[in-house]
Amino acid sequence: MARIVMKFGGTSVADLDRIRNVASRVKREVEAGNEVAVVVSAMAGVTNQLVKWCQDLSPLHDAREYDVVVATGEQVTIGLLAIALQTMGIDARSWQGWQVPIVTDGAHGKARVESIDGSLLVERMRQGQVPVIAGFQGVEKERNRITTLGRGGSDLSAVAIAAAVRADRCDIYTDVDGIYTTDPRIVPRARKLDRISYEEMLELASVGAKVLQTRSVELAMKQRVRVQVLSSFEDKPGSLVVDEDEIVEQPIVSGIAYSRDDAKLTLRRVPDRPGIAAAVFGAMAKANVNVDMIVQNLGADGTTDMTFTVGKADLARAQAALDEAKGELGFETVVADPDVAKISVVGVGMRSHAGVANTMFKALAEKGINIQVISTSEIKVSVLVGAEYTELAVRALHSAYGLDGPAA
Ligand code: ADP
Ligand code: ASP
Ligand code: MG
């Protein structure tokens, strides 16, 4: 007997037939004698619609009310799945985030999990009941309000619950049958990885491979949760996220990721003096905007241009904060460009091999793709390019690093 957390994403619960399919999978695990807790996302497309409604009413909407709206998608699917399970003779009960409770901080829209009391869930599982828990949702205690964990946050809910109930496994069921060398929807010759290290998955997720949400991988690594990604639709072995030393042969580059979720901001003619970067990024931090890539040119006439990227969802807030601080910062203009994509190559082998970045720059040059910004870390190189080059760049790099599998 094992204790398992099973998580199903939006496409896996997109309609009633799919919810029935999820229920049969859960039933199978229960009938095999396992203790099971289930975490579900909202039906495919629902969260996007809810986010859009908030955006359309006001791009600078109140984050507390945004959470009230976007957390509703998961309430529907937990109730429906509980009904589907009961109809199949399985004892099941729905749980919203606040009922568990999943306690978070007050950073609405991207709250961090602070604690989960798993004792009630464990008690129910021991009695043979299946808790069906809303992903994505939490509650902050100071004002007792609903929070959400950031887009894709149901993965984090699942891992955090797996840690809290000390599950033997956290199975993430989705619309692909595992973790690939890159998004298989863009590169049909992408190869499935039987295993990937926490470090590499974390890096891939953080630069856009949305198959697992970044913070879910971070938490799994910290809490040693055994995460497996597998298909909701096919019975096939999936991909395991494991420690680096459990992988026998490490390729130099193990994956390529892309993100269209960033926007580029350029401040023209910023005074070139000490403290200016602190002032610019201080203003961003105050507005709760995360900054990713940064470049600053060498100043010529006492001024300089400064370019950086922020999440597209934060663009309006970033621009408002810059406008407000314009007098203090003294720049001439700010130019926003949302039509960019960040392409990244990731691999632990980069620690010991030179030339990885150069292979990337050459492959992009051969396709005539201009690089706007570059950033690197120990196991990653990222470049910012025009959004229209996303697919071309990912395919070119996938081939350049020898990752292509046999033609489909
Ligand atoms: P869910 O709704 O189940 O959470 P997501 O859409 O969040 O599913 O994540 C699954 C998607 O992630 C896949 O459909 C695929 O297009 C995308 N993806 C991006 N990079 C990868 C990768 N390296 N391996 C597998 N899937 C990937
Ligand atoms: N429904 C939420 C989203 O679309 C959470 C999730 O699917 O993981 O972001
Ligand atoms: Mg997801």
Side-chain angles (χ1 to χ4, degrees), residues 6-14 18 22 39-52 54 66-67 69-78 97 102 109-111 133-138 147-161 171-196 200-217 227-233 238-239 241 253-261 313 343-347 390-391 394 397-398 403 405:
M6 304 172 78
K7 181 260 170 179
F8 296 89
T11 37
S12 310
V13 292
R18 291 192 177 177
V22 165
V39 174
V40 283
S41 298
M43 289 174 157
V46 166
T47 311
N48 285 347
Q49 176 64 68
L50 297 169
V51 170
K52 186 169 181 296
C54 295
Y66 165 93
D67 275 351
V69 176
V70 302
T72 58
E74 275 72 11
Q75 181 169 345
V76 173
T77 45
I78 52 171
I102 298 172
K110 45 183 162 195
I133 305 150
F136 194 42
Q137 300 183 350
T147 53
T148 61
L149 308 179
R151 295 308 306 271
S154 299
D155 296 334
L156 175 60
S157 310
V159 171
I161 284 161
D171 291 342
I172 308 276
Y173 288 87
T174 184
D175 57 359
V176 284
D177 59 5
I179 300 164
Y180 281 72
T181 46
T182 192
D183 188 342
R185 298 188 195 288
I186 292 218
V187 181
R189 293 180 71 169
R191 277 184 294 116
K192 186 157 107 186
L193 303 164
D194 296 331
R195 285 158 183 258
I196 183 167
E200 284 168 308
M201 190 61 237
L202 181 59
E203 200 81 47
L204 278 172
S206 75
V207 290
K210 64 177 183 152
V211 61
L212 285 176
Q213 191 225 27
T214 309
R215 276 153 52 196
S216 72
V217 186
V227 173
Q228 184 179 196
V229 173
L230 61 177
S231 165
S232 310
F233 308 112
S239 303
V241 189
V253 164
S254 45
I256 319 265
Y258 65 92
S259 163
R260 294 192 186 98
D261 297 336
I343 317 288
S344 309
V345 304
V346 171
T390 312
E391 282 89 352
V394 172
L397 295 173
H398 199 264
L403 296 174

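Not measured: the values here are computed from a predicted model. One is the number of the first residue; the rest follow in order along the sequence. As the structure lists them, so they are numbered: ligands from 1, and atoms in each ligand from 1. Reckoned from all heavy atoms, side chains included, excluding hydrogens, waters and symmetry mates.
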Original post:
Out of curiosity, S232 OG to D175 CG, how far, rounded to the nearest 0.5 Å?
Top reply: 7.5 Å
Original post:
Got a second to check how far I256's CD1 is from H398's NE2, nearest 0.5 Å?
Top reply: 6.5 Å
**OP:** Sort out for me which residue in V346, V211, V227, T214 forms a side-chain contact (heavy atoms from CB on, under 4.5 Å) with M201.
**Re:** V211
Original post:
What are the two closest heavy atoms between V241 and I179, and how far apart are they?
Top reply: CG2-CD1, 3.9 Å
**OP:** Could I get the full list of salt bridge (Lys or Arg N to Asp or Glu O under 4.0 Å) partners for K110, not counting sequence neighbours?
**Re:** D314
Original post:
Any idea which atoms of ligand 1 are less than 4.0 Å away from a heavy-atom of T174?
Top reply: 1 (P), 3 (O), 8 (O), 10 (C)
**OP:** Go through the steps to decide whether T148 and Y66 satisfy the test side chain to side chain contact (heavy atoms under 4.5 Å, CB included), and finish with yes or no.
**Re:** CA-CA 9 Å; T148 61; Y66 165 93; 4.2 Å; yes
Original post:
D183 to ligand 1: N or O pair under 3.5 Å?
Top reply: yes
**OP:** May I ask you to list the atoms of ligand 1 that are less than 4.0 angstrom from any heavy atom of D175?
**Re:** 10 (C), 11 (C), 13 (C), 14 (O)
Original post:
What protein heavy atom sits nearest atom 2 (O) of ligand 1, and how far away is it?
Top reply: G10 N, 3.1 Å
**OP:** Of the side chain and backbone of K7, name the one, both, or neither that has a heavy atom under 4.0 Å from an atom of ligand 1.
**Re:** side chain
**OP:** Give, for atom OH of Y258 and atom OG of S344, the distance between the pair rounded to the nearest 0.5 Å.
**Re:** 12.0 Å
Original post:
Side chain, backbone, both or neither: which part of K210 has a heavy atom under 4.0 Å from ligand 1?
Top reply: both
List of N/O pairs, ligand 2 versus protein, all under 3.5 Å?
residue  : atom  : partner : partner atom : Å
ligand 2 : 1 (N) : T47     : OG1          : 2.8
ligand 2 : 1 (N) : E74     : OE2          : 2.7
ligand 2 : 4 (O) : T47     : OG1          : 3.4
ligand 2 : 4 (O) : R151    : NH2          : 2.9
ligand 2 : 7 (O) : S41     : OG           : 3.1
ligand 2 : 8 (O) : G152    : O            : 3.4
ligand 2 : 8 (O) : G153    : N            : 3.4
ligand 2 : 8 (O) : S154    : N            : 3.0
ligand 2 : 8 (O) : S154    : OG           : 3.1
ligand 2 : 9 (O) : R151    : NE           : 2.6
ligand 2 : 9 (O) : R151    : NH2          : 3.4
ligand 2 : 9 (O) : G152    : N            : 2.8

**OP:** Please state which part of V211 comes within less than 4.0 Å of ligand 1, counting heavy atoms only: side chain, backbone, both or neither.
**Re:** both
Original post:
Will you find, in the side chains of T147 and D67, an N or O donor that is under 3.5 Å from an N or O acceptor?
Top reply: no
Subject >> Donor-acceptor under 3.5 Å (T11 side chain, A44 main chain) >> reply: no
Original post:
Which bit of T182 is near ligand 1, meaning a heavy atom under 4.0 Å away: side chain, backbone, both or neither?
Top reply: backbone
**OP:** Mark yes or no for whether K210, through its side chain, and G152, through its backbone, hold a donor-acceptor pair below 3.5 Å.
**Re:** no
Original post:
Looking at V176, which atoms of ligand 1 are within less than 4.0 Å of one of its heavy atoms?
Top reply: 13 (C), 14 (O), 25 (C), 26 (N)
Subject >> Contact partition for S41 relative to ligand 1, non-hydrogen atoms under 4.0 Å >> reply: neither
Subject >> Y180 neighbourhood, listing ligand 1 atoms whose heavy-atom distance to it stays under 4.0 Å >> reply: 22 (C), 23 (N), 24 (N), 25 (C)
Subject >> Distance, nearest 0.5 Å, that separates CD1 of I172 from CE of M6 >> reply: 11.0 Å
**OP:** Please check if the side chain of S239 supplies one atom and the backbone of L193 the other of a donor-acceptor pair under 3.5 Å.
**Re:** yes
Subject >> Ligand-residue contact atoms, ligand 1 with I179, heavy atoms, under 4.0 Å >> reply: 24 (N)
**OP:** Out of G208, S259, G178, S12, indicate the one that has the non-hydrogen atom closest to atom 25 (C) of ligand 1.
**Re:** G178
**OP:** Using a strict cut-off of less than 4.0 Å between a Lys/Arg side-chain nitrogen and an Asp/Glu carboxylate oxygen, indicate whether K7 and D171 qualify as a salt bridge.
**Re:** no
Original post:
Mind checking whether P184 has a heavy atom under 4.0 Å from ligand 1?
Top reply: yes
